[in-house]
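Got a structure here, written out as structure tokens. Questions coming.
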2 protein chains.
Amino acid sequence: MSRIEYKNYDRFLLAVDCIIFGFDGNSLKALLIKRGFEPEKGKWSLMGGFAAQDESIDQAAGRILLNLTGLDQIYMEQLHCFGEVDRDPGGRVISLAYFALIKIDDSDGEKLEQHNAKWVDLRKLPALIFDHRQMIRLAKERLQQKVSNHPIGFELLPHKFTLQQLQALYEAVYETNFDKRNFTRKILSLGVLQRLDEKEKASSKKGAFYYVFDKKKYKRLESEGIKFI
Amino acid sequence: MSRIEYKNYDRFLLAVDCIIFGFDGNSLKALLIKRGFEPEKGKWSLMGGFAAQDESIDQAAGRILLNLTGLDQIYMEQLHCFGEVDRDPGGRVISLAYFALIKIDDSDGEKLEQHNAKWVDLRKLPALIFDHRQMIRLAKERLQQKVSNHPIGFELLPHKFTLQQLQALYEAVYETNFDKRNFTRKILSLGVLQRLDEKEKASSKKGAFYYVFDKKKYKRLESEGIKFI
DNA sequence: AATTTAAATGTCGAAATTACACTTATTGTT
DNA sequence: AACAATAAGTGTAATTTCGACATTTAAATT
């Protein structure tokens, strides 16, 4: 019918760039690639791609992530749209940034190699093309904010994890240290962790209990606006 | 140089839609217009427009807001990009939603009339086109979140305001009631309000002191991560 | 049995939050 | 001049949360 109405307006290339976070037990990392095409070929970059007419932007983001990592159905959230006129020297490109949280070990090593991808410590980022550094900075801020109210930290940890691992994750996200006793008390008082009988024995004689995140318990509390940190 | 690289990708119409909030002393309102063109001509809608190649998306949002309200340099923030394939029956349009906070009395009445614009209580929204209702809901959630950490509520009030007006605003934003004594104590303890000698006398014999937001004091505290509510 | 390792746990003071009701300043009325 | 009316302004006590801080415990190794 009225596609006619819109025909005279400008059209834009729409890139989708993904900030992919991972946690290796010590530090928070982002997955970067060596860009395989011009402009800026060979430079460090976020994984990205162009959106197509027949997919939603969320689908485009999922596709790009799947492309790089082989992973599907992972935690992903729209971050921000970057639309400065000159942000990409190759042309007027609007970029939609998404951030994703994955478990490092789940990703497909072959695929990562194909893209020359590398996990990089967030505190030691190399030079990046365009406004990608700004994107990562914003993503990190958003992650901090989100983690304080929502149980998404678990997306970065193995299914079962120790309290020490969980604390290390929060410490990496906030770049700070927490008191172990206060941290444990607080996190357990939320009532969304379930302790398993199994222990992790690699790092001590005594062994540390594994916990899992109990999504059902969380759902029941969610409406209340639970605070994490 | 390498505009060539990008040429084969799909291009998109990029709409910018604005959720414009106002506060009339009692309730939180959004500025809606009766859409003046097809499709869905005559239906209630957010103010919007298409982005152009020679402007950034932030500039586009500012232009659209200026168009409707006659206001410049007002508080505005990118909200979210809406990109479902079928969200607009008139064609594939990606919509970037922005939200703005304005003082109702500052807006240009003539311009509003030209666009058939109307302030509508957020709790009594009419049917809206496309995904505009969802946009408003999201904007309101974001406003609540933002107001709790940032001094943006003042953008919705006159330059000088009473504590009662400020409380009414917060109550409207959160759709709840606060205890007057606790609210006053907390808000004053932040140390970012300056009391004037002048009183508002319309609503009581005693009169209520006017306050102004002290941006300088705030800037000094900002780094600390001040909490509002 | 003794040693080693890291895990697990409790208390106390400070600060923040909540619940709750009376007094005060001013104007208009008798 | 006293009084009534109106909404503004203010304090306290109980509770909860937060932050700092050190010892005991479980299991494996020697």
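All chains are named by letter (A, B, ...) in the order of the sequence lines, taking the proteins before the strands, and each is independently numbered beginning at 1.
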Lys186(A) NZ to dG10(C) C1', in whole Å, measures 18 Å

Quick check on DNA chain D: between Thr162(B) and Asp179(B), whose nearest nucleotide comes earlier from the 5' end?
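Mapping each residue to its closest nucleotide by heavy atoms, the 5'-most match is Thr162(B).
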
Requested in this report: Select from Thr184(A) and Ser204(A) the residue whose nearest nucleotide in DNA chain C is closer to the 5' end of that strand.
Outcome: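 Its nearest nucleotide lies further toward 5', so the answer is Ser204(A).
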
NZ (Lys217(B)) with more than 12 external heavy atoms under 6.0 Å:
yes

>> Which nucleotide wins on minimum distance to the side chain of Lys201(A), given the candidates dA8(C), dT10(D), dA28(D)?
In response: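 Given the options dA8(C), dT10(D), dA28(D), the side chain of Lys201(A) is closest to dA28(D).
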
Worksheet item: Is a donor-acceptor contact shorter than 3.5 angstrom present between the side chain of Lys180(A) and the base of dA8(C)?
Response: yes

Value in whole Å for how far the P atom of dG19(D) lies from CG of Asn177(A)
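Asn177(A) atom CG is separated from dG19(D) atom P by 14 Å.
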
note: Arg195(A), atom CZ; dT9(C), atom P; distance rounded to Å ~ 7 Å

Of Ile74(A), Ile20(A), Thr69(A), the one forming a side-chain contact (heavy atoms from CB on, under 4.5 Å) with Ser107(A) is Thr69(A)

Closest to the side chain of Lys205(A), out of dC18(D), dT27(C), dA27(D), is dA27(D)

Worksheet item: Rounded to the Å, how far apart are Arg181(A) CZ and dA22(D) C1'?
Response: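 Taking CZ of Arg181(A) and C1' of dA22(D), I get 6 Å after rounding.
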
Requested in this report: If the plane angle is over 60° it's perpendicular, under 30° parallel, otherwise tilted; pick one for Tyr174(B) and Tyr170(B).
Outcome: parallel

Separation of dA8(D) atom C1' from Leu188(B) atom CG, nearest Å, is 13 Å

Let me spell it out: for each of Arg185(B) and Lys199(A), pick the nucleotide of DNA chain C with the closest heavy atom. Which residue's pick is nearer the 5' end?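 That would be Lys199(A).
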
Notebook entry, point to check: Starting at CZ of Phe183(A) and ending at C1' of dA20(D), how long is that distance when rounded to a whole Å?
Noted result: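 Atom CZ in Phe183(A) sits about 17 Å away from atom C1' in dA20(D).
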
| said: For dA7(C), does the base pair up with any side-chain atom of Lys206(A) as donor and acceptor (N or O, under 3.5 Å, distance only)? | reply: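 For Lys206(A), whose side chain was compared with the base of dA7(C), there is a donor-acceptor pair (under 3.5 Å).
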
Going by side-chain contact (heavy atoms from CB on, under 4.5 Å), Ile136(B) matches just one of Val120(B), Leu79(B), Leu128(B), Asp17(B). Which one?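 Testing Ile136(B) for a side-chain contact (heavy atoms from CB on, under 4.5 Å) against Val120(B), Leu79(B), Leu128(B), Asp17(B) leaves exactly one candidate, Leu128(B).
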
- request: Check the distance between dC18(D)'s C1' and Phe178(A)'s CZ and give it to me in whole angstrom.
  value: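 Checked: the CZ to C1' distance equals 13 Å.
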
### Value in whole Å for how far the C1' atom of dA8(D) lies from CG of Asp197(B)
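Taking CG of Asp197(B) and C1' of dA8(D), I get 16 Å after rounding.
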
Nearest heavy-atom approach of Arg35(B) to Ser45(B) is CB-CB, 4.1 Å

The nucleotide from dG9(D), dG10(C), dA19(C) with an atom nearest the side chain of Asn182(B) is dA19(C)

